[in-house]
Chemist: 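First the structure, then my questions, so here it is.
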There are 2 protein chains.
Amino acid sequence: MITQSVDAPAGSKSEQAYAAIKEKILAGKYTPGYRLVLAKIADDLGFSVVPVREAIRRLEAESYVTFERNVGATVAGIDPTEYLYTMQTLSIVEGAATALSAPRIMPADVARARAVNERMRECLGHFDPVQFTALNLEFHSILFENCPNPHILDLVHRGWNRLQALRSSTFSYVPGRAQQSVAEHEALLALIEGGAGPDDVEHTARAHRTATLDAYLTHTNHPTQH
Amino acid sequence: MITQSVDAPAGSKSEQAYAAIKEKILAGKYTPGYRLVLAKIADDLGFSVVPVREAIRRLEAESYVTFERNVGATVAGIDPTEYLYTMQTLSIVEGAATALSAPRIMPADVARARAVNERMRECLGHFDPVQFTALNLEFHSILFENCPNPHILDLVHRGWNRLQALRSSTFSYVPGRAQQSVAEHEALLALIEGGAGPDDVEHTARAHRTATLDAYLTHTNHPTQH
DNA sequence: CTTAGGATGATCGTATACGATTTCGTACTT
DNA sequence: AAGTACGAAATCGTATACGATCATCCTAAG
């Protein structure tokens with residue numbers, strides 16, 4: 001028997017609420033500091049407060065929102081330090097995921113990744129941050145998606161999500177970094193094609209992200225961490 | 001009016017429920033596969049189902065339990081593959097945390113760590129897995145606790161928690177590995193004392209954990225991963 | 001003996017209700 | 001005028017109730 005109606009969003013209401021709120025945060029409709037009032041959100045969605053509350057606690061566990069007892073939830077803060085921490089963490093887990101993934105990457109995958117990178121190169125002229133970011137994620141996804149360890153993969157996905165949330169609301173791009181990024185992508189692909197060892201792949205992948213972080217720190221004159 | 005009795009555990013009931021369930025999982029009272037029935041747990045704690053449900057969803061987000069719609073929650077899986085994934089992830093994040101922590105480690109910290117390691121060495125004769133594990137965590141905590149990035153530190157703590165949960169219910173120890181571990185600890189301390197670079201520290205710290213994983217895989221004839 | 005079908009019980013999912021806590025504005029005191 | 005005390009409004013926290021869904025067992029047909 002078919003229990004799932006065709007047009008209903010999948011899952012329970014708490015899951016729908018989770019997805020809806022998360023999407024609004026990532027889309028920048030709920031900006032950081034925005035007060036998430038249970039009753040209001042419940043009313044907007046047409047649900048009661050219980051599933052909404054559950055969704056918010058889940059978002060809290062994933063650090064999308066901060067929660068204070070008897071006060072409520074607000075969209076999580078996004079100071080530059082947070083960006084630094086997120087990028088640093090992502091550089092580590094993504095580097096590892098890419099290295100673990102590398103032996104399973106087929107020539108066809110490399111070709112796809114290269115095609116994406118070429119589209120990024122074409123973007124450089126009429127620069128569109130949103131499109132460039134989307135292509136960047138697509139490129140790296142091809143490189144790390146074959147990672148056989150689901151825990152690491154999960155950490156990578158969380159890092160990208162968090163990064164997207166931070167970027168959409170606060171940070172702009174560092175001039176000149178995009179071109180460098182495209183070149184580093186090509187170098188990374190060459191390395192994988194050449195059958196480089198996992199240590200080399202990991203080091204290069206991590207360095208790629210670290211370079212982005214450094215560019216940001218230099219650009220914004222952020223106090224270097226100790 | 002005083003509504004909070006003096007000896008009550010701090011926080012809301014959902015937080016109490018979260019802590020209570022998590023502790024029972026880590027203590028091995030709820031073994032993997034154990035069925036977590038909302039009504040029963042609520043009854044045991046004297047709460048209603050709502051905060052218990054919230055606690056379980058939070059534990060799900062932290063992957064302590066698995067949840068299936070309209071069926072319920074069970075304590076999260078425990079197959080050898082899970083152990084492998086957890087160890088592999090921990091080797092990566094702990095290696096990074098240790099490397100980031102290394103420059104901030106004072107001679108006094110090294111001395112403390114060495115003292116702990118000596119107690120581990122003394123343990124080798126009359127081997128007590130529980131005590132040895134506790135000392136092992138204490139040793140490594142000294143080495144990674146100064147990591148300035150709270151995200152990475154959080155991942156390390158989660159990994160250790162998860163490992164503890166897995167071990168308490170399923171895995172025994174590999175003969176001979178403990179002695180090797182103590183020796184590797186000493187080598188790691190020497191490296192840090194000598195002011196080795198972060199790359200060296202990270203590599204050595206990761207190798208230490210990888211060696212434990214390999215010993216386990218060999219010992220159990222687990223099919224090697226690709 | 002096997003298997004399809006349906007009844008029953010166990011459990012989850014969420015709406016509603018109400019008590020508890022915080023916040024904020026207002027009036028009163030000094 | 002500044003600070004404090006009080007009270008009302010907003011919001012959270014949880015208990016209860018009930019409908020929805022899934023698992024199990026029983027029955028009966030093949």
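To find a chain, count down the sequence lines: A is the first, B the second, and so on, and within it residues start at 1.
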Chemist: Side chain of B:Leu38 only, please: which of C:dT14, C:dC12, C:dA15 is the nearest?
Modeler: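 The listed nucleotide nearest to B:Leu38's side chain is C:dC12.
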Chemist: Given atom CZ of A:Arg69 and atom P of C:dT21, what is their separation to the nearest angstrom?
Modeler: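 Between P of C:dT21 and CZ of A:Arg69: 7 Å.
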Chemist: With the threshold set at 4.0 Å, does a side-chain nitrogen-carboxylate oxygen contact exist between A:Asp109 and A:Arg112?
Modeler: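 A salt bridge links A:Asp109 with A:Arg112.
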Chemist: Just say parallel, tilted or perpendicular for the rings of B:His140 and B:His185, cut-offs at 30° and 60°.
Modeler: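 It falls in the perpendicular class, over 60°.
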Chemist: Between B:Arg58 and B:Glu54 (salt bridge meaning N to carboxylate O under 4.0 Å), is one present in this structure?
Modeler: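 No salt bridge links B:Arg58 with B:Glu54.
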Chemist: Please give, in whole Å, the distance from C:dC12 P to B:Phe67 CZ?
Modeler: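 Interatomic distance, CZ of B:Phe67 to P of C:dC12: 7 Å.
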Chemist: Expected output is a numbered-order residue list: members of residues 50-59 of chain B with a heavy atom under 4.0 Å from any atom of DNA chain D. What is it?
Modeler: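 Only B:Val50, B:Pro51 qualify.
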Chemist: Is B:Lys13 close enough to D:dA15 that one of its side-chain N or O atoms is under 4.0 Å from OP1 or OP2 there?
Modeler: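 B:Lys13 to D:dA15 OP1/OP2: side-chain N or O found under 4.0 Å.
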Chemist: Answer yes or no: is there a donor N or O on one side and an acceptor on the other, between the side chain of A:Tyr216 and the main chain of A:Tyr83, under 3.5 Å?
Modeler: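 Answer holds: no.
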Chemist: Counting side-chain heavy atoms from CB outward, which of D:dT14, C:dT23, C:dA15 is closest to B:Ser12?
Modeler: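 Among D:dT14, C:dT23, C:dA15, the one nearest the side chain of B:Ser12 is D:dT14.
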Chemist: Of the candidate nucleotides C:dT22, C:dG13, C:dA15, which contains the atom at the shortest distance from the side chain of B:Asn70?
Modeler: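 Taking heavy atoms from C-beta onward, the closest nucleotide is C:dG13.
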Chemist: Is any side-chain N of the basic residue among A:Arg57 and A:Glu60 closer than 4.0 Å to the acidic one's carboxylate O?
Modeler: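 Judged by the 4.0 Å cut-off on N to carboxylate O distance, A:Arg57 and A:Glu60 do form a salt bridge.
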Chemist: Taking atom C1' of D:dC22 as reference, at what distance in whole Å does atom CD of B:Glu68 sit?
Modeler: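 After rounding, the gap between these two atoms is 10 Å.
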Chemist: Consider the side chain of A:Phe47, meaning its heavy atoms from C-beta on, and name the nucleotide among C:dA15, D:dT14, C:dT22 that approaches it most closely.
Modeler: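 Shortest atom-to-atom distance from the side chain points to C:dA15.
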Chemist: Could A:Glu202 and B:Arg206 be called an ion pair, given the rule that one side-chain N must be under 4.0 Å from one carboxylate O?
Modeler: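 Salt bridge present between A:Glu202 and B:Arg206.
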Chemist: Check whether any side-chain N or O of B:Ser48 sits under 4.0 Å from OP1 or OP2 of D:dA15, and answer yes or no.
Modeler: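 For B:Ser48, the contact criterion (side-chain N or O under 4.0 Å from OP1 or OP2 of D:dA15) is met.
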Chemist: Can you tell me the distance, in whole Å, between the CG atom of A:Asp43 and the C1' atom of C:dT16?
Modeler: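 So the CG-C1' distance, A:Asp43 to C:dT16, works out to 14 Å.
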